[in-house]
Amino acid sequence: MAKDRKKIEFQKLDELPPMVQSQRSMAANPTGSWRNLKPVIDLASCIHCTICWKFCPDAAIDWVDDNPVINLDFCKGCGICAEECPKKCIEMVKEGK
Amino acid sequence: MKKVMMGNHAISHGATLARVQVIAAYPITPQTQVVELLSEIVADQRLKAEFIKVESEHSAMAACIGASSAGARAFTATSAQGLALMHELLHWAAGARLPIVMADINRAMAPPWTIWTDQNDSLSQRDTGWMQFYCQSNQEVLDSVIMAYKVAEKVLMPVMIVLDAFSLSHTYEIVDLPDQAVVDKYLPPFDYKYKLNVSDPHTYGGLTTPDWYMEFRVKMQEAMDQALVEIKKEAVEFEKAFGRRYDPVEPYMVDDADIVLVTSGTAASTARFAVDQMRKKGKKVGNLRMRLLRPFPFADVREHLKNAKKVIIVDRNISYGYHGIWAQEVKSALYGHSKVPVFNFIAGLGGRDIFPETFVEIVNKVKKLKKPDQELYWVEVKK
Amino acid sequence: MKPTLPLEELMSPGHLACQGCGAGIAMRVSLKALGRDTMFTFPACCWTVIDGPFPYSCLEVPLLHMAFEATAATAAGIKAAMDALGKDKTTICGWAGDGGTFDIGLQALSGAAERNDDIFYFCYDNEAYMNTGIQRSGATPYGAWTTTTPVKHFKKEAKKSIDDIVAAHKVPYQATASVAYPEDLYKKLVKAKDIRGFKFIHIISPCPPGWKARPEDTVKLARLAVQTGIFPVYEVDGGKYVQTMKTPTRKPVLEYLKLQGRFKHLKESDVADIQRMVDTRYAELEKRFQGC
């Protein structure tokens with residue numbers, strides 16, 4: 001199954017599989033709009049411990065070049081990362097500010 | 001090779017010849033010999049299959065659904081209460097489009113406790129999306145298991161092979177066991193395009209909104225329409241391979257018959273015997289045996305009943321507050337196509353025998369009536 | 001720093017779990033341990049919805065959705081098919097919630113455990129029927145509010161000891177785990193993957209809406225559940241009990257209870273009752289950890 005972000009639209013009955021069979025990844029469903037609070041990482045204080053990445057229920061933190069990168073397309077703003085950060089260097093900021 | 005065997009063993013041999021790969025079953029009288037013989041066959045490695053001895057019929061069907069989804073040819077057998085327990089998963093198997101084959105030994109539903117035959121168990125599963133083939137001989141039972149996989153795997157819908165408790169399941173008849181090589185040629189290995197596959201992972205049966213649900217139901221109906229075409233095709237192909245033919249319905253002296261008795265299961269062979277007796281006395285009576293409940297052979301029923309002046313449906317089942325279930329099916333096929341009066345008799349519930357004389361009496365009664373004066377007539381009940 | 005778990009994600013973002021869902025962490029970590037050569041079956045549970053609607057899915061391994069009570073039997077069927085087809089290396093998993101495990105699916109679970117079918121059975125336990133809107137299950141703890149155990153008559157029965165029920169089947173491997181300790185869960189799964197036979201994994205997975213807790217407290221609650229002794233984390237490997245997350249000084253249960261609205265109505269005496277129950281249960285388990 002392609003891990004792409006494309007939505008899929010069937011036009012005709014013939015294009016459907018005979019049974020309900022997934023065709024695409026939920027990565028086509030950006031859940032970032034659920035968020036009220038946005039995590040902002042202060043990378044200067046970050047000790048790169050991977051704890052925020054490890055606990056994300058949404059797989060919305062990528063680990064890139066030894067740094068956490070919040071994927072705001074998907075982050076639902078639960079705040080686990082900020083709560084669990086041992087350095088308290090993630091702040092939950094109101095969306096739109 | 002010809003062998004004398006009980007109907008239940010004909011099922012086991014049919015499943016063995018069809019090279020089923022996963023069997024999951026739970027014992028229930030009168031089905032037990034099916035699974036006992038299969039256990040022996042698998043233990044002796046005469047069949048390379050996994051046999052899961054599950055803790056309930058519900059789990060039997062669940063395991064078959066899992067196995068079939070993973071691409072294995074799956075088989076189970078049950079009866080009455082066991083079939084009813086499976087009910088939820090019968091919908092699941094059909095909705096998931098899995099070509100599972102199951103034998104159901106028709107046994108009446110409790111309470112009161114009973115182990116004898118009638119058709120209320122299988123007919124209660126009419127709307128689950130399973131094809132249902134009603135058999136009248138042990139040979140037909142064995143052959144039907146093999147043919148069922150062929151049809152099921154073509155259209156991706158499950159099949160129930162149905163036979164009467166005791167009057168078939170425990171009755172010994174001569175059965176021709178086909179050669180494995182001939183069966184293998186007729187029935188190729190199951191190659192499931194939609195199987196669970198780690199190299200091409202998909203999710204099956206997920207949440208589906210009103211935007212899509214109905215289209216999948218259209219597809220199931222189309223598959224059943226196609227199944228009828230395939231069943232007719234396989235009647236010919238099966239005959240070519242094995243020399244025996246099974247059509248959706250089986251007419252017997254209907255063309256010039258004034259009265260046609262419509263029956264199913266072993267009652268059909270008894271009815272035929274009665275037809276012969278009545279014919280000898282100059283009565284123009286015929287018999288139409290219903291082999292298929294689903295897909296329903298509308299056109300065949302209309303065709304074979306078009307000359308009849310009266311139609312009698314003898315039902316070994318009842319829909320309480322309505323009438324017999326086959327009567328409902330046949331009437332619906334005739335509606336708008338024929339004005340023939342249809343008489344419905346309920347007979348043989350809970351394993352009460354249906355004798356040739358029963359049919360003679362039914363015909364005699366109908367001869368006196370212009371059209372039915374009751375929705376149904378009970379046969380041989382104590383007054 | 002090197003991540004303590006593999007970077008590869010087999011669960012995509014964009015799924016439909018609520019904010020701070022413990023079951024999301026449970027699946028994400030489990031997939032990292034199980035790898036691509038894995039198949040799942042789900043009964044009706046939160047994950048039925050989390051996975052996403054047709055034609056989407058958030059898993060990158062095959063998944064068969066199935067009826068509520070059928071998880072273990074379905075997994076056994078898939079496994080039998082894979083054996084019959086000569087693909088016996090693939091890991092087959094049932095993945096069910098607590099309702100599907102403790103209650104409606106218990107018979108099939110017991111059947112598969114007794115047969116020692118070579119499958120994983122996962123129970124992600126959020127301690128109520130959360131998907132249908134927080135109704136009590138056999139896994140709901142004493143004292144909890146749910147929509148069917150209102151405050152006036154909160155749950156008076158203790159949580160069913162599913163682990164002891166499974167243990168009575170003498171399965172080759174079983175373990176409890178908490179989403180607060182992903183490395184522990186990961187290690188257990190990697191180890192159990194090589195064990196033939198029935199494997200039962202019971203994961204405590206906090207549910208912010210159902211527990212009336214803050215979403216950011218999910219991991220904290222999963223940790224406190226262990227640290228208070230409410231949900232001891234251990235494994236039973238070939239009959240041998242080993243406590244994998246040690247709790248030499250247990251925290252008072254109040255620390256766990258007070259973070260959750262579902263326990264808000266409890267009086268001091270109720271909390272004391274819970275503390276006693278937890279102490280008794282913990283003492284029983286401790287004997288097993290010491291091999292008595």
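Order of the sequence lines sets the chain letters (A, B, ...), proteins ahead of strands, with each chain counted from 1.
A distance of 9.0 Å separates CD1 in B/Ile52 from CG in C/Asp83, rounded to the nearest 0.5 Å. From C/Thr74, atom OG1 reaches atom CD1 of B/Ile65 across 6.5 Å, with rounding to the nearest 0.5 Å. To the nearest 0.5 Å, the span separating OG1 on B/Thr209 from CZ on C/Phe54 amounts to 9.0 Å. Remark: C/Gln107 CD to B/His58 NE2 distance equals 9.0 Å, nearest 0.5 Å.
Between C/His65 and B/Gly206, the shortest heavy-atom contact is CD2-CA, 3.2 Å. Nearest heavy-atom pair, B/Pro201 versus C/Val61, reported as atom, atom and distance to 0.1 Å: CB-C, 3.6 Å. The nearest pair of heavy atoms linking B/Gln21 to C/Ala84 is O-CB, 3.8 Å. Across all their heavy atoms, C/Thr90 and B/Val198 have their closest contact at CG2-CG1, 4.1 Å.
For a residue to count as touching a neighbouring chain, one of its non-hydrogen atoms must lie under 4.5 Å from one of that chain's; by this rule C/Lys87 touches chain B with the side chain only. In this structure, chain C has a heavy atom under 4.5 Å from the side chain of B/Lys195, while its backbone stays farther away. Only the backbone of C/Thr38 comes within less than 4.5 Å of a heavy atom in chain B; its side chain stays farther off. Proximity to chain C (any heavy atom under 4.5 Å) is restricted, for B/Phe216, to the side chain, taken from C-beta onward. Only the side chain of B/Ser69 comes within less than 4.5 Å of a heavy atom in chain C; its backbone stays farther off. Only the side chain of B/Val22 comes within contact range of chain C, with at least one heavy atom under 4.5 Å from a heavy atom of that chain. Residue contact with chain B, scored on non-hydrogen atoms closer than 4.5 Å, involves the backbone of C/Arg36 exclusively. Heavy atoms closer than 4.5 Å to chain B are found in both the backbone and the side chain of C/Asp37. Looking at C/Thr41, neither its backbone nor its side chain comes within 4.5 Å of chain B, counting heavy atoms on both sides. Looking at C/Leu85, the atoms closer than 4.5 Å to chain B (heavy atoms on both sides) all sit in the side chain, from C-beta outward. Proximity to chain C involves both the backbone and the side chain of B/Leu196, based on heavy atoms less than 4.5 angstrom apart.
Contacts between residues 124-135 of chain C and chain B, defined by a heavy-atom separation under 4.5 Å, are made by no residue at all.
Residue B/Lys154 places its NZ atom among more than 12 non-hydrogen atoms of other residues, nucleotides or ligands, all under 6.0 Å distant. Within 6.0 Å of the NZ atom in C/Lys187, the count of heavy atoms belonging to other residues, nucleotides or ligands does not exceed 12. Within 6.0 Å of atom CZ in C/Arg196, 12 or fewer heavy atoms from other residues, nucleotides or ligands are found, so the atom counts as exposed in its surroundings.
C/Arg115 has a carboxylate O that lies under 4.0 Å from a charged side-chain N of B/Glu55, or vice versa, which qualifies the two as a salt bridge.
In terms of heavy-atom pairs under 4.5 Å with chain B, the best-connected choice from C/Ala70, C/Ala76, C/Ala67, C/Ala75 is C/Ala67. Ranked by heavy-atom pairs under 4.5 Å with chain C, the first of B/Ala72, B/Ala62, B/Ala70 is B/Ala62. Heavy-atom pairs under 4.5 Å with chain C peak, among B/Gly205, B/Ser59, B/Ser56, B/Ala67, at B/Ala67.
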